[in-house]
Amino acid sequence: MTTLHPALRLSDRIAELLADPADVPAAWTSRPQWRQSLAHGAPGIALLHIERAATGRGPWATARAWLSVAANGPVTSGSDSYLYYGAPALAHALDCAAQASPGSYQRALAHLDQTVAADAAGRCDEALARIDRGDLPALAEFDAIRGLAGVGAVLLRRAPGGNAIRRILDCLVRLTEDIKHDGELLPGWWTLDGPSGKPDKRFPGGHANTGVAHGIAGPLALLALALRRGVEVDGQREAIRVILAWLERWRDGHAWPYWITPAHLTGPDRRPLPPQRPSWCYGTAGVARAQQLAALALGDHRLRHEAESALASALLDPPALDATRDLSACHGYAGLAHIAHRAAADASPRTATRLRSVANLLLETTYPPLADPDEQARRLLATAGPAFLEGAAGTALALLAPATGATPATHWDACLLTA
C-alpha cells in the first residue's frame, strides 16, 4: 500500500476552502476574466475539484458547481481566446470531467470542438501568411499560454485525428525554419516582443524565448506529444531536432537562459548563468520535461538520460531552489514536485528512483514538519489567491499525484504540456 505524504493534508485543506464558489472573495470574482480564465478563474479551480472527484477525494457536486460558474454565460472565441481563456479553456476543463465521467458534457463539448477547430484554422492561416511574408512572429502566435502550442494541446486530446491539429503541427514545423531579419539569419521563433509578449525597451533587438509558457519549449512539447500519440506531419521529426539542437547550443550545465538576445549571438563569450528558479514556465523543469518527451518520441536514449539528469540536478541545486519563492504550479515547489513525479514515471530505471526522491524532497518543502494545514492553506489563499496557475488551486492540484504516488486520473496537466 502506498503511504500518502503529509502534503496531501495541505492539498485537501485548500480544496475544502475552495469548495463553494460563493465563498471566493469578490476581489477575485469581480474581475472581468474570472469566469473564463483557466489561469486566474473558475475553470482552473474546477480542474482541482474534477481531479479530486475522479480520484474519490471529493464530491462531483463540487466539480459541477465550479463548471457551472465557468459555463454560465457567453464563451469567448476567435482571436481573443486561447488555451488559458475562453472556448479552449472551457473545453479543456469539460474534457477532463468527461474523461473521468464518460458521457458527461457531450453536447457542450461538441460545440466547443467546432469552435476551437475553426479558430485554430484561422490562427494557422494568419501564421502561414506571416511566414510567407518573411515577418518575425509574435509570441502569442505560437506559445503555450496564448498561441498555437496551447490550442494544439486541446485539439490533441479532443480530436487527434482531425485536420485542425495537423494544421497546427504544420505551422510549428514551419516555425522552426530560419528567418532573415535585417540581414541576419535568426531562428524562426525570434520575436521583436519582450518576454511579456508586448514591446519592451529592454529587448531592442527582440529575443528567442526558451521557456514552455512563452517560448520554443512549448512547441517542442506539443510536437513530441503528438508524435508519441502517432499524430505526425511532414518534417515533424526534423523540427523537433532543430529545436533540440538550439537548446543544446545554449545549455549551461543543467540550466538554460530564459531567453537569447542579440547580445548572446554577437558576444565574444558566454558567461555562466546566475542561479535561477527551475520553473515550469521558464527554467529547467519545463525545458527538461519537454526534452524528455522529445527523446521518448524519437527513441533517443542518450537525450532521454541527459534530460532526466538535468531535471534531477536542477531540482537538487540549492541556489536554484533558493531562487524558488512560492508553492505554485507555474513556478513553485508544488509544480516542480509534479513535474519530477511525471518525469519519473517515464524515466529510465537508473534515474526514475532519483526523480521520485527529488519529488518527495520537494513535497517536504511545500509542507514542512509540524505545519498546520489550515493555517498554511488560509495564508496561501490570502497571499496568492485561489487561482490555478500561480495560486492555491494549482498548488493543491499539483500536489495530488506526487503526494499519492499515483498517475493523475484526468489529463488536467495537458494544459502545461507535461503529459
Side-chain angles (χ1 to χ4, degrees), residues 2 4 8 11-12 14-15 18-19 37-39 41-71 83-84 87-106 108-110 112-113 116 144 150-160 221-222 225-226 228-229 280 289 293 329-330 334-335 337-346 359 386-389 391-419:
T2 301
L4 302 183
L8 195 59
S11 178
D12 287 344
I14 292 170
L18 289 175
S37 175
L38 187 63
I45 300 173
L47 286 184
L48 167 63
H49 293 292
I50 291 166
E51 180 68 17
R52 286 175 57 81
T55 57
R57 299 198 68 81
W60 271 107
T62 305
R64 286 193 292 269
W66 278 102
L67 287 171
S68 294
V69 173
L83 171 57
Y84 278 83
L90 184 58
H92 176 62
L94 290 179
D95 185 47
C96 288
Q99 181 192 11
S101 179
S104 301
Y105 302 107
Q106 292 307 299
L109 279 167
L112 288 168
D113 287 344
V116 174
V151 175
V154 176
L155 291 168
L156 185 60
R157 304 298 313 196
R158 291 297 306 158
L222 181 67
L225 287 166
R228 291 192 73 194
R229 295 189 176 109
W280 164 75
R289 176 57 174 167
L293 292 170
C330 180
H338 180 78
I339 291 175
H341 179 73
R342 271 295 200 185
D346 291 325
F388 164 70
L389 201 55
T395 297
L397 186 50
L399 289 174
L400 280 176
T404 58
T407 301
T410 69
H411 53 262
W412 70 263
D413 57 345
C415 65
L416 301 178
L417 284 91
T418 53

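All values below were derived from every heavy atom in this structure, side-chain atoms included, with hydrogens, water molecules and symmetry-related copies excluded.
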Using every non-hydrogen atom in the two residues, find where Val154 and Ala91 come nearest and quote the distance to one decimal. CG1-CB, 4.1 Å
Report the distance from atom CD1 of Ile45 to atom CG of Leu67, rounding to the nearest 0.5 Å. 11.5 Å
Okay, side chain of Tyr84, backbone of Cys415: is any donor-acceptor separation there less than 3.5 Å? yes
Can you name the side-chain hydrogen bond (donor to acceptor under 3.5 Å, both in side chains) partners of Arg229, sequence neighbours left out? none
Is it the case that the side chain of His49 and the backbone of Leu18 share a donor-acceptor pair, with hydrogens and angles ignored and the cut-off at 3.5 Å? yes
Exercise: identify the closest heavy-atom pair between Ala70 and Leu90: CB-CD1, 4.0 Å
Over all heavy atoms of both residues, which pair between Ala153 and Ala414 is shortest? Give the atoms and the distance, please. CB-O, 3.7 Å
So which atom in Ala39 and which in Ala387 form the shortest heavy-atom distance, rounded to 0.1 Å? O-CB, 3.3 Å
Kindly give the heavy-atom pair with the smallest separation between Ala393 and Pro386, and that separation in Å. CB-O, 3.1 Å
Output for pair (Leu399 CG, Thr395 OG1), nearest 0.5 Å, gives 6.5 Å
Could you list all the salt bridge (charged side-chain N to carboxylate O under 4.0 Å, His left out) pairs where at least one residue sits in residues 402-419, not counting sequence neighbours? Arg342-Asp413
First locate atom CG of Leu222, then atom CG of Leu293, and finally report the distance between them rounded to the nearest 0.5 Å. 10.5 Å
Using the salt bridge (charged side-chain N to carboxylate O under 4.0 Å, His left out) rule, collect all pairs that involve residues 150-159, keeping only residues at least two apart or in two chains. Asp95-Arg158, Asp113-Arg158
Any residue meeting side chain to side chain contact (heavy atoms under 4.5 Å, CB included) with Ala65, in chain and number order, not counting sequence neighbours: Pro21
Leu47 versus Thr410: any side-chain heavy-atom pair under 4.5 Å? no
Listed by chain and number, what are the side-chain hydrogen bond (donor to acceptor under 3.5 Å, both in side chains) partners of Asp346, not counting sequence neighbours? Arg289
Shortest non-hydrogen contact between Pro43 and Ser37, atoms and distance: CD-O, 3.3 Å
Side chain to side chain contact (heavy atoms under 4.5 Å, CB included) with Ala337: which residues, sequence neighbours excluded? Leu362, Leu363, Pro402
Quick one: do Glu51 and Arg57 satisfy side chain to side chain contact (heavy atoms under 4.5 Å, CB included)? Show the steps, please. CA-CA 8 Å; Glu51 180 68 17; Arg57 299 198 68 81; over 6 Å; no
Can you name the residues that form a side-chain hydrogen bond (donor to acceptor under 3.5 Å, both in side chains) with Ser101, not counting sequence neighbours? Ser104
Qualifying side chain to side chain donor-acceptor pair (under 3.5 Å) pairs, either residue in residues 60-69, two or more places apart: none
Please round to the nearest 0.5 Å and tell me the distance separating atom NE2 of His338 and atom CG of Leu400. 9.5 Å
If you round to the nearest 0.5 Å, how far is NE2 of His92 from CD1 of Ile50? 8.5 Å
Got a sec, which residues hit side chain to side chain contact (heavy atoms under 4.5 Å, CB included) with Ala98, two or more places apart in sequence or on another chain? Gln106, Leu109
Report yes if some heavy atom in the side chain of Thr404 is under 4.5 Å from a heavy atom in the side chain of Thr55; otherwise report no. no
Going by side chain to side chain contact (heavy atoms under 4.5 Å, CB included), name the residues that satisfy it together with Ala396, two or more places apart in sequence or in a different chain. Ser11, Ile14, Leu48
What's the spacing between Leu397 CG and Trp412 CH2 if we round to 0.5 Å? 4.0 Å
Test side chain to side chain contact (heavy atoms under 4.5 Å, CB included) applied to Trp280 and Leu389, step by step: CA-CA 10 Å; Trp280 164 75; Leu389 201 55; 4.1 Å; yes
